[in-house]
Amino acid sequence: MRAAGVRYDEFSNLHTDLPLRTAPDGSLQLPGDAVATRWAEGLAVEDADVLAEYDHPYFGRWPAVTTRRHGAGRVTCVGTAPTVGASMSFTTGAGSRPPPRPRRT
């Protein structure tokens with residue numbers, strides 16, 4: 001996952017949802033109900049920006065969501081199945097821009 005700037009370290013099934021929080025230096029605005037569901041991946045950051053973290057004593061050591069510029073775009077890695085509101089914030093808060101509108105000819 002060189003383009004993503006992270007590597008996979010660990011994986012765990014979740015029996016209960018885990019709250020997500022914005023990374024300390026991040027500008028991402030997560031909704032109050034943002035949680036990780038079903039699983040949590042332990043992503044080891046090599047060269048990426050952390051957007052969100054697990055708010056948990058064990059899983060909090062790994063980021064939940066990272067992003068990195070690559071080529072003309074961006075790779076955002078989500079290490080869980082987040083709530084819909086959280087997913088929306090990742091796409092609007094990851095330094096992304098909406099795709100350009102097609103030109104009419």
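Side chains are part of it too, since the values below use all heavy atoms of this structure and drop only hydrogens, waters and symmetry mates. None of the values given here were measured: they were computed from a predicted structure.
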Please answer whether the main-chain N or O of Glu41 pairs with a side-chain N or O of Tyr54 as donor and acceptor at a distance below 3.5 Å.
yes
Mind checking the OG1-CZ spacing from Thr80 to Phe11? Nearest 0.5 Å is all I need.
9.0 Å
Whether Thr76 side chain and Thr67 backbone form a donor-acceptor pair below 3.5 Å
no
Separation of Thr83 OG1 from Asp33 CG (nearest 0.5 Å):
5.0 Å
Between the main-chain N or O of Gly73 and the side-chain N or O of His70, is there a donor-acceptor pair closer than 3.5 Å?
no
Pair Asp49 + Arg68: basic N to acidic O under 4.0 Å:
no
Distance col, row Leu18:CG vs Glu53:CD, nearest 0.5 angstrom, shows 13.0 Å
Under the side chain to side chain contact (heavy atoms under 4.5 Å, CB included) criterion, do Leu28 and Ser89 qualify, and how do the steps go?
CA-CA 7 Å; Leu28 181 68; Ser89 67; 4.2 Å; yes
Under the criterion side chain to side chain contact (heavy atoms under 4.5 Å, CB included), I'd like the reasoning laid out for Leu20 against Asp55: C-alpha separation, chi angles, the key distance, then a yes or no.
CA-CA 5 Å; Leu20 295 174; Asp55 190 3; over 6 Å; no
Has the side chain of Thr22 got a donor or acceptor atom that lies under 3.5 Å from a matching backbone atom of Gln29?
no
Pro63 side chain near Leu51 side chain, heavy-atom distance below 4.5 Å:
no
Can you tell me how far CD of Glu46 sits from CZ of Arg2, rounded to the nearest 0.5 angstrom?
8.0 Å
A side-chain contact here means heavy atoms from C-beta on lying under 4.5 Å apart; do Pro82 and Phe90 qualify?
yes
Student check: side-chain heavy atoms of Trp39 and Thr37 closer than 4.5 Å:
no
Relative to the ring of Trp62, is the ring of Phe59 parallel (under 30°), tilted (30 to 60°) or perpendicular (over 60°)?
tilted
Within the 4.5 Å heavy-atom criterion, are Arg38 and Leu14 side-chain neighbours or not?
no
Nearest atoms (heavy-atom pairs only) where Val35 meets Pro19:
CG1-CA, 4.0 Å
